[in-house]
Amino acid sequence: QVQLVESGGGLVQAGGSLRLSCAPPGRTFSTSVMAWFRQAPGKEREFVAAINWSGSIIRYADSVKGRFTISRDNAKNTVYLQTDSLTPTDTAVYYCAVSLSPAVTEVRAMYPNWGQGTQVTVSS
């Protein structure tokens with residue numbers, strides 16, 4: 001079981017920003033596709049963004065395009081999600097995931113390894 005640790009969540013007012021981080025303790029994922037998903041109360045876990053090993057291929061959900069930015073620092077073995085212009089609809093637990101596939105995909109089944117999540121709460 002791969003362990004992932006997310007951090008950076010919190011409570012923020014609408015229009016604010018948070019930077020989420022994800023690191024896998026004890027392992028290197030510099031060649032893996034990494035992604036962020038989120039799950040709001042009562043809803044299914046949904047894709048947010050994914051990035052390939054070099055950062056040259058990135059995919060976003062339509063709901064976050066232009067507001068969120070995924071990036072990675074392979075030297076630090078860390079993936080980031082910069083969330084800007086947050087709205088209450090962005091409130092969710094945000095999860096980091098490692099893909100089984102070299103393709104940058106939003107298919108949840110390709111990401112069997114998850115962190116514990118970090119809570120993002122946006123107040124109006």
Side-chain angles (χ1 to χ4, degrees):
Q1 183 85 20
V2 174
Q3 184 178 8
L4 299 165
V5 179
E6 301 95 334
S7 62
L11 174 63
V12 63
Q13 289 188 331
S17 300
L18 287 172
R19 190 192 195 200
L20 310 183
S21 299
C22 170
R27 292 196 60 166
T28 298
F29 289 98
S30 59
T31 60
S32 300
V33 170
M34 303 290 292
W36 288 93
F37 285 72
R38 67 185 181 185
Q39 188 166 16
K43 295 188 176 181
E44 293 199 355
R45 194 168 298 188
E46 66 174 4
F47 172 80
V48 175
I51 186 170
N52 74 331
W53 69 274
S54 67
S56 62
I57 301 174
I58 291 174
R59 177 174 289 186
Y60 294 102
D62 288 342
S63 59
V64 306
K65 278 181 183 176
R67 301 188 300 119
F68 290 12
T69 303
I70 189 171
S71 63
R72 65 193 297 164
D73 184 338
N74 290 331
K76 296 182 178 180
N77 206 30
T78 301
V79 176
Y80 304 98
L81 185 69
Q82 177 67 39
T83 65
D84 298 320
S85 302
L86 287 162
T87 72
T89 57
D90 295 314
T91 295
V93 177
Y94 284 70
Y95 297 91
C96 175
V98 181
S99 178
L100 292 174
S101 169
V104 178
T105 177
E106 59 184 78
V107 176
R108 181 179 164 185
M110 297 307 298
Y111 297 92
N113 298 304
W114 302 88
Q116 83 289 348
T118 185
Q119 176 71 49
V120 171
T121 303
V122 185
S123 63
S124 57

(Q) Test of understanding: clusters of I, L, V, M, F, W, Y form through side-chain heavy atoms closer than 4.5 Å, transitively. Do Val93 and Trp114 belong to the same one? (A) yes

(Q) Show me the pairs that pass disulfide bond (SG atoms under 2.5 Å apart) and involve residues 41-95, at least two apart or across chains. (A) none

Q: Working to the nearest 0.5 Å, report the span between CD1 of Ile70 and CG of Asn52.
A: 10.0 Å

Q) Does anything in residues 66-83 pair up under salt bridge (Lys or Arg N to Asp or Glu O under 4.0 Å), and if so which pairs, sequence neighbours excluded? A) Arg67-Asp90

Q: Determine, stepwise, if the pair Leu86 / Phe68 fulfils side chain to side chain contact (heavy atoms under 4.5 Å, CB included).
A: CA-CA 9 Å; Leu86 287 162; Phe68 290 12; 3.8 Å; yes

Q | Tyr95 six-ring centre to Arg45 NZ/CZ under 6.0 Å and within 45° of normal | A | yes

Q. Just checking, any donor-acceptor pair under 3.5 angstrom between side chains of Ser99 and Ser101?
A. no

Q) How would you list all residue pairs meeting salt bridge (Lys or Arg N to Asp or Glu O under 4.0 Å) that involve residues 4-17, not counting sequence neighbours? A) none

**Q.** Val5-Val98 co-clustered via ILVMFWY side chain contacts under 4.5 Å
**A.** no

Q. Ala50 and Val104: which non-hydrogen atoms are nearest, and at how many Å?
A. CB-CG1, 3.6 Å

Q. Mind checking whether Val33 and Trp53 sit in one hydrophobic cluster, side chains of I, L, V, M, F, W, Y counted as touching below 4.5 Å?
A. no

Q: Following the transitive rule for hydrophobic clusters with a side-chain heavy-atom cut-off under 4.5 Å over Ile, Leu, Val, Met, Phe, Trp and Tyr, establish whether Leu20 and Val64 coincide in one cluster.
A: yes

Q | Interatomic distance, Ile51 atom CD1 to Ser32 atom OG [nearest 0.5 angstrom] | A | 12.5 Å

Q: Would you mind listing every disulfide bond (SG atoms under 2.5 Å apart) that reaches into residues 32-70, with sequence neighbours excluded?
A: none

Q: Apply ring-ring contact (aromatic ring centres under 6.0 Å, His included) to Tyr60 and list each qualifying residue two or more places apart in sequence or on a separate chain.
A: none

Q: Drop me the distance from Ser7's OG to Tyr94's OH, to the nearest 0.5 angstrom.
A: 15.0 Å

Q | Residues forming a ring-ring contact (aromatic ring centres under 6.0 Å, His included) with Tyr111, sequence neighbours excluded | A | Phe37

Q | Which atom of Thr91 lies closest to which atom of Ala40, heavy atoms considered | A | O-CB, 3.6 Å

Q.
Please enumerate all residues that pass side chain to side chain donor-acceptor pair (under 3.5 Å) together with Lys43, with sequence neighbours excluded.
A. none

**Q.** Atom pair CG (Asn113) and CG (Leu100), whose distance is rounded to the nearest 0.5 Å
**A.** 7.0 Å

Q: Just jot down the side chain to side chain donor-acceptor pair (under 3.5 Å) partners of Thr89, sequence neighbours excluded, or say none.
A: Thr87

For residues 117-124, which side-chain N or O atoms pair as donor and acceptor with protein atoms under 3.5 Å away, sequence neighbours left out?
residue	atom	partner	partner atom	Å
Thr118	OG1	Gly9	N	3.0
Gln119	NE2	Ala92	O	3.4
Gln119	NE2	Thr121	OG1	3.3

Q | disulfide bond (SG atoms under 2.5 Å apart) pairs, two or more places apart, involving residues 58-124 | A | Cys22-Cys96

Q. Residues two or more places apart in sequence or in another chain: which of them pass side-chain contact (heavy atoms from CB on, under 4.5 Å) with Glu46?
A. Arg38

Q) What is the minimum heavy-atom distance between Leu4 and Pro24, and which atoms define it? A) CD2-CB, 3.6 Å

Q: Of all the heavy-atom pairs spanning Ala49 and Leu81, show the shortest one and how long it is.
A: CB-CD1, 4.3 Å

Q. According to the side chain to side chain donor-acceptor pair (under 3.5 Å) rule, which pairs have a member within residues 8-20, sequence neighbours left out?
A. Ser17-Asp84

